[in-house]
Every structure is written in structure tokens, then in C-alpha cells.
Asker: 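My questions all concern the structure below.
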Amino acid sequence: MTALADRDIEPLSKASKSPSTEEIKELLNEIPSWKVNYSIDGKYYYLERKFKCSAYPAVISFHNQVAELAETVQHHPEMITEYHYLTVKWWSHSVGGLHVNDFIMAAKCDQIHNTV
């Protein structure tokens, strides 16, 4: 797996900032299946990936594993569950967009998906 998946998320503070455009490109190299999108209201960037699973029970299992991980670190994604798919979106409200934590959590989702 990627080095990102092995990292712990960082505590956020008022001084926490979003990565630069160059840093985002470097981080995306470690999670190439993820895309950076801009919110509909134009207020923030977020990471998104639509995962395919074999069937609905696998999607639910994957969803629950991501939810459990998110709860352990108190960093929660938006998730959309469909029959064969789980769409996951990560961003950090406290920095108003992306933070390295979102890339770490995306890599951890990739790791989980490889076990489902």
C-alpha cells in the first residue's frame, strides 16, 4: 500500500492549512484513483472516489468498515451507498477544504477496499 495509508492523521488547529497545489499533485500520485472536485456552492475542494464492489452486501461491509475507521479518528466522510458502488468524499471543514488528513483517509479507504 501507499505510505499515506500507514500515516496517522494530524490533529487540526486554527493554524492548520490546506496543502499547496504542488503538494496536492504529489499526494494524488499516491492515490491515483481519487479525484479532486470543487463543491457545487464553490466554497471548497474535496477528494472523491467511486468504489465498485461485487454485490450489495460487500458494499455495506465496505461502508461499515470506512465508518468504523472514521469514527476511531473522528474524521467523517460523506458516503453514498448504491447497489454495487460506494462513493466516498473527504474534506476538512476546519480548514475549509482539503488537508493532508483527507489524503491519508483516502489511502486507508483504498486499503480497506482491497480486503472487501
Side-chain angles (χ1 to χ4, degrees):
M1 284 293 94
T2 68
L4 277 173
D6 297 328
R7 291 174 59 180
D8 294 325
I9 68 167
E10 304 170 5
L12 295 179
S13 68
K14 291 182 181 182
S16 298
K17 298 202 182 319
S18 294
S20 69
T21 302
E22 188 58 39
E23 290 169 324
I24 288 172
K25 287 178 185 176
E26 290 174 20
L27 291 164
L28 282 172
N29 284 334
E30 294 193 53
I31 52 169
S33 297
W34 290 80
K35 303 292 181 233
V36 174
N37 289 324
Y38 202 56
S39 65
I40 293 172
D41 61 8
K43 294 185 179 180
Y44 59 90
Y45 288 99
Y46 62 91
L47 288 174
E48 180 176 27
R49 179 172 175 195
K50 188 172 188 172
F51 293 91
K52 184 169 184 175
C53 296
S54 59
Y56 192 68
V59 172
I60 295 302
S61 174
F62 180 39
H63 181 281
N64 289 339
Q65 290 178 61
V66 172
E68 288 173 19
L69 170 65
E71 188 63 15
T72 64
V73 296
Q74 291 300 299
H75 188 52
H76 303 91
E78 177 179 320
M79 293 191 281
I80 302 168
T81 304
E82 301 173 75
Y83 180 67
H84 280 284
Y85 300 97
L86 179 67
T87 302
V88 182
K89 298 179 183 179
W90 290 104
W91 72 95
S92 296
H93 295 276
S94 59
V95 297
L98 291 174
H99 185 270
V100 69
N101 289 348
D102 303 308
F103 294 87
I104 292 168
M105 295 301 285
K108 289 180 184 291
C109 285
D110 287 347
Q111 194 173 49
I112 293 168
H113 184 252
N114 290 334
T115 67
V116 176

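Worth knowing before you read on, the calculation uses all heavy atoms, side chains too, and leaves out hydrogens, waters and symmetry mates.
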Asker: Would you mind reporting whether M105 and V73 have side-chain heavy atoms less than 4.5 Å apart?
Answerer: yes
Asker: Honestly curious: do W34 and F62 fall in one hydrophobic cluster under the side-chain, below-4.5 Å linking rule?
Answerer: yes
Asker: Would F103 and R7 count as a side chain to side chain contact (heavy atoms under 4.5 Å, CB included) here? Give the steps.
Answerer: CA-CA 10 Å; F103 294 87; R7 291 174 59 180; over 6 Å; no
Asker: Which heavy-atom pair separates H63 from L86 by the least distance, and what is that distance?
Answerer: CD2-CD1, 3.6 Å
Asker: If you compare all heavy atoms of S92 against all heavy atoms of H75, which two are closest, and at what distance to 0.1 Å?
Answerer: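 Taking every non-hydrogen atom into account, OG-CE1, 3.4 Å.
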Asker: Kindly write out the residues that satisfy side-chain hydrogen bond (donor to acceptor under 3.5 Å, both in side chains) with S13, not counting sequence neighbours, or none if the list is empty.
Answerer: none
Asker: Can you list everything that forms a side chain to side chain contact (heavy atoms under 4.5 Å, CB included) with K25? Sequence neighbours excluded, please.
Answerer: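 With neighbours one apart ignored, the set is T21, E22.
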Asker: Hydrophobic clusters join Ile, Leu, Val, Met, Phe, Trp and Tyr when side-chain heavy atoms are under 4.5 Å apart, directly or via other members; which others share one with Y83?
Answerer: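 Result for Y83 is Y56, I60.
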Asker: Ignoring hydrogens and geometry beyond distance, is a side-chain donor-acceptor pair present between Q65 and S61 at under 3.5 Å?
Answerer: yes
Asker: Please round to the nearest 0.5 Å and tell me the distance separating atom SG of C109 and atom CH2 of W90.
Answerer: 5.0 Å
Asker: I'd like to check the salt bridge (charged side-chain N to carboxylate O under 4.0 Å, His left out) partners of E78; sequence neighbours left out, ordered by chain and number.
Answerer: K89
Asker: Using the side chain to side chain contact (heavy atoms under 4.5 Å, CB included) criterion, which residues pair with A58? Sequence neighbours excluded.
Answerer: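 Testing A58 for side chain to side chain contact (heavy atoms under 4.5 Å, CB included), a comparison that skips the adjacent residues, returns C53, S54, V116.
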Asker: Identify the two heavy atoms, one from S16 and one from P11, that lie closest to each other, and give their separation to 0.1 Å.
Answerer: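 Smallest interatomic distance, heavy atoms only, reads OG-O, 4.2 Å.
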Asker: How many angstroms lie between atom OG1 of T81 and atom CZ of F51, to the nearest 0.5 angstrom?
Answerer: 12.0 Å
Asker: Would you compute the distance between atom OG1 of T72 and atom CD of Q74 and round it to the nearest 0.5 angstrom?
Answerer: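 Interatomic distance, T72 OG1 to Q74 CD, rounded to 0.5 Å: 8.5 Å.
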Asker: In the hydrophobic clustering that connects Ile, Leu, Val, Met, Phe, Trp and Tyr at side-chain heavy-atom distances below 4.5 Å, which members other than Y46 occupy its cluster, ordered by chain and number?
Answerer: Y44, W91
Asker: Please name all residues satisfying side chain to side chain contact (heavy atoms under 4.5 Å, CB included) with K43, sequence neighbours left out, ordered by chain then number.
Answerer: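 K43 satisfies side chain to side chain contact (heavy atoms under 4.5 Å, CB included) with S39, D41 only.
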Asker: Can you list everything that forms a salt bridge (charged side-chain N to carboxylate O under 4.0 Å, His left out) with E23? Sequence neighbours excluded, please.
Answerer: none
Asker: Could you tell me if the side chain of R49 sits less than 4.5 Å from the side chain of V88, heavy atoms only?
Answerer: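 Sidechains of R49 and V88: no contact.
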Asker: Find out if a path of hydrophobic residues (ILVMFWY) with successive side-chain heavy-atom gaps under 4.5 Å connects V66 to V59.
Answerer: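 They do share one cluster, since a chain of ILVMFWY contacts under 4.5 Å joins V66 to V59.
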Asker: How many angstroms lie between CD1 in I9 and CG in L4, if you round to the nearest 0.5 Å?
Answerer: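 Spacing of CD1 (I9) from CG (L4) equals 13.0 Å.
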Asker: Excluding sequence neighbours, so at least two apart, what forms side chain to side chain contact (heavy atoms under 4.5 Å, CB included) with V36?
Answerer: I24, L28, Y45, L47, L98
Asker: To the nearest 0.5 Å, tell me how far D8 CG sits from N101 CG.
Answerer: 10.0 Å
Asker: Can you give me the closest heavy-atom contact between A3 and E30, atom names plus distance?
Answerer: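 Closest approach of A3 to E30: N-OE1, 3.5 Å.
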Asker: Who pairs with K50 by salt bridge (charged side-chain N to carboxylate O under 4.0 Å, His left out), at least two apart in sequence or on another chain?
Answerer: E82
Asker: For H84, enumerate each residue passing the side-chain hydrogen bond (donor to acceptor under 3.5 Å, both in side chains) test, keeping only those at least two apart in sequence or located in another chain.
Answerer: none
Asker: Who pairs with H113 by side-chain hydrogen bond (donor to acceptor under 3.5 Å, both in side chains), at least two apart in sequence or on another chain?
Answerer: none
Asker: How close do A5 and K108 get, heavy atom to heavy atom, and via which atoms?
Answerer: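 Scanning both residues completely, I find the closest heavy atoms to be O-NZ, 2.9 Å.
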